[in-house]
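These notes concern the structure reproduced below.
Position 1 is the first residue of the sequence, and the numbers go up from there.
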Amino acid sequence: MEMMLNGSIWGYLSISSNFTREIEFANVHTDYGDKLHRSPALVKVSLDTSDSMVAIWLKSFIYSNFYAFLYNSSGTPSGGKFANQIKLLFEPAKFGLKDDSIIITPVVTLQVLSFFSSLTSALAFMYERKRGIFKRITTVGVLQFEIVLSHFSILLFLLLAQTTISFIVMFYFFNVPQVGSFLLAYTLVIIYGISAFCAGILIGTICHRKHHAILVLLAVSFPTVILSGIFSPLEGFPWHLRYTGYVYPGILPGLALRNILLRGWGLNHLWVWLGFVSCFATSSLYLIIFMLLSI
């Protein structure tokens with residue numbers, strides 16, 4: 001139980017103490033389950049459904065193997081005399097949703113916000129360069145850091161509004177469960193939006209046309225969406241793609257947001273604070289490259 005709460009495993013099985021005894025008894029008594037009334041042997045399953053794709057696959061795997069066991073034991077597809085006395089019971093989920101709904105909203109929300117933050121900052125910076133505003137203000141002694149700060153102070157209000165509206169839609173329209181701290185999740189999204197803003201500044205420095213900037217953003221965003229666990233869990237990828245995903249911008253913040261909302265984790269868990277570290281590291285990297293290219 002403790003290992004599942006810490007995220008080390010996706011679930012566990014618990015088998016009742018009378019399991020072997022009931023199987024042996026059923027093999028001896030041919031009328032077992034018709035005339036004899038005994039307590040059924042239970043196989044209880046407890047799952048972590050915070051990643052719904054993993055949970056659905058595990059349920060399918062457990063169901064198929066359980067009924068294959070009944071078939072091999074009884075020789076009949078229905079399980080024969082074992083079907084009534086050996087029960088498979090799925091306990092209420094510890095994390096995530098109680099049904100088999102697929103939760104992709106937190107990751108999608110994060111990626112949509114980052115895309116528009118990057119695009120807005122990139123287009124604004126390109127507009128200033130095209131009009132010659134950037135060159136004129138640098139010739140009068142304005143520092144590059146002050147230019148970035150001025151863009152940031154304006155776009156931060158837009159980011160706060162976008163994040164607030166996205167959270168309202170996510171919780172009240174898509175009914176995403178909120179197990180963890182709302183403030184921590186909101187802070188993570190804002191910090192990731194700032195990282196996306198820094199990426200937009202860098203893209204606006206490199207690209208000279210709007211469609212070039214959009215193509216670069218799409219090229220960066222699509223691998224993030226694919227590796228974020230929407231289509232398949234990151235653990236199911238080949239090892240080289242899995243470790244690439246861990247260092248790719250946007251993957252760790254997405255995992256951290258999902259763990260905060262669906263598992264209730266805080267900064268004392270590795271996968272949460274790694275999301276914050278990833279945001280700060282990518283922001284610093286983007287700004288350093290921007291400064292070097294502007295020299």
Would you mind reporting whether Tyr248 and Leu241 have side-chain heavy atoms less than 4.5 Å apart?
no
Which label fits Phe125 and Phe290: parallel for a plane angle under 30°, tilted from 30 to 60°, or perpendicular past 60°?
perpendicular
How close do Pro253 and Ser278 get, counting heavy atoms only, and between which atoms?
CD-OG, 3.8 Å
Anything under 3.5 Å between a donor and an acceptor, one on a side chain of residues 215-224, the other on a protein residue two or more places apart or in another chain? List them.
unit_1, atom_1, unit_2, atom_2, d
Ser221, OG, Leu217, O, 2.7
Thr224, OG1, Val220, O, 3.1
Thr224, OG1, Pro249, O, 3.4

Is the distance between the ring centroids of Tyr63 and Phe90 less than 6.0 Å?
yes
Got a second to check how far Ile288's CD1 is from Leu202's CG, nearest 0.5 Å?
11.5 Å
For Lys44 versus Glu91, what's the shortest heavy-atom pair and its separation?
CD-OE2, 3.4 Å
Is there a side-chain contact between Gln178 and Leu262 (heavy atoms, below 4.5 Å)?
no
For the atom pair OG (Ser114) and CG (Leu159), what is the distance rounded to the nearest 0.5 Å?
10.5 Å
Counting N and O atoms only, with roles assigned by atom type, does the side chain of Thr282 sit under 3.5 Å from a partner on the main chain of Cys279, one being a donor and the other an acceptor?
yes
I'd like to know if the side chain of Thr163 and the backbone of Leu160 have a donor-acceptor N/O pair within less than 3.5 Å.
no
Note, Asp48 side chain near Val54 side chain (heavy atom, < 4.5 Å)
no
Hydrophobic clustering (ILVMFWY, side-chain heavy atoms < 4.5 Å, transitive) - are Ile168 and Leu110 grouped together?
yes
All heavy atoms of Ala213 vs all of Met126, minimum pair found to be CB-SD, 3.7 Å
With rounding to the nearest 0.5 Å, note down the distance linking CG in Leu119 to CD1 in Ile214.
5.5 Å
For the student: nearest non-hydrogen atoms of Arg242 and Phe237, plus distance
NH1-O, 2.8 Å
Hydrophobic clustering (ILVMFWY, side-chain heavy atoms < 4.5 Å, transitive) - are Ile201 and Ile154 grouped together?
no
Point-to-point distance, once rounded to the nearest 0.5 Å, from SG of Cys198 to CD1 of Ile203:
11.5 Å
For Phe173, the ring-ring contact (aromatic ring centres under 6.0 Å, His included) test, sequence neighbours excluded, returns none
Residues that His212 engages under side chain to side chain donor-acceptor pair (under 3.5 Å), provided they are two or more places apart:
none
Does Ser14 have any side chain to side chain donor-acceptor pair (under 3.5 Å) partners at least two apart in sequence or in another chain, and if so, which?
none
Should Leu257 and Val247 be counted in the same cluster of Ile, Leu, Val, Met, Phe, Trp and Tyr side chains packed under 4.5 Å apart?
no
Closest heavy-atom pair and its distance - Leu13, Val43
CD2-CG1, 4.4 Å
Residues forming a ring-ring contact (aromatic ring centres under 6.0 Å, His included) with Phe116, sequence neighbours excluded:
none
Treat each ILVMFWY residue as a node, draw an edge where side-chain heavy atoms are under 4.5 Å apart, and state whether Leu183 and Leu267 are in one component.
no
Would you check, one step at a time, whether the test side-chain contact (heavy atoms from CB on, under 4.5 Å) holds for Val112 with Ser166?
CA-CA 10 Å; Val112 170; Ser166 299; over 6 Å; no
Would you call the rings of Trp271 and Tyr246 parallel, tilted or perpendicular, where under 30° means parallel and over 60° means perpendicular?
tilted
Check the surroundings of atom OH in Tyr127: do more than 12 heavy atoms from other residues, nucleotides or ligands lie under 6.0 Å from it?
no
Just by modelled atom types, is the Phe197 backbone N or O under 3.5 Å from a matching donor or acceptor in the Ser118 side chain?
no
If I take atom OG1 from residue Thr109 and atom CE from residue Met170, how far apart are they, to the nearest 0.5 angstrom?
5.0 Å
Excluding sequence neighbours, so at least two apart, what forms ring-ring contact (aromatic ring centres under 6.0 Å, His included) with Trp273?
none
Yes or no on side-chain contact (heavy atoms from CB on, under 4.5 Å) for Phe276 and Leu252, after CA distance, side-chain angles and deciding distance?
CA-CA 8 Å; Phe276 285 89; Leu252 290 177; over 6 Å; no
Taking Thr120 for the side chain and Ser117 for the main chain, is one N or O donor matched with an acceptor at less than 3.5 Å?
no
Same cluster or not: Phe157 versus Ile191, using hydrophobic residues (I, L, V, M, F, W, Y) connected whenever any side-chain heavy atoms lie under 4.5 Å apart?
no
Using a 4.5 Å cut-off on heavy atoms from C-beta on, say whether the side chain of Leu42 contacts that of Ile15.
no
What orientation do His269 and Trp265 show, parallel under 30°, tilted 30 to 60°, or perpendicular over 60°?
parallel
At what distance, to the nearest 0.5 angstrom, does CG of Leu47 lie from CD1 of Ile62?
5.5 Å
Please verify the inter-ring angle class for Phe171 with Phe167; under 30° counts as parallel, over 60° as perpendicular, anything in between as tilted.
perpendicular
Taking all atoms of both residues into account, what is the closest heavy-atom pair of Ile260 and Ala185, and its distance?
CG2-CB, 4.0 Å
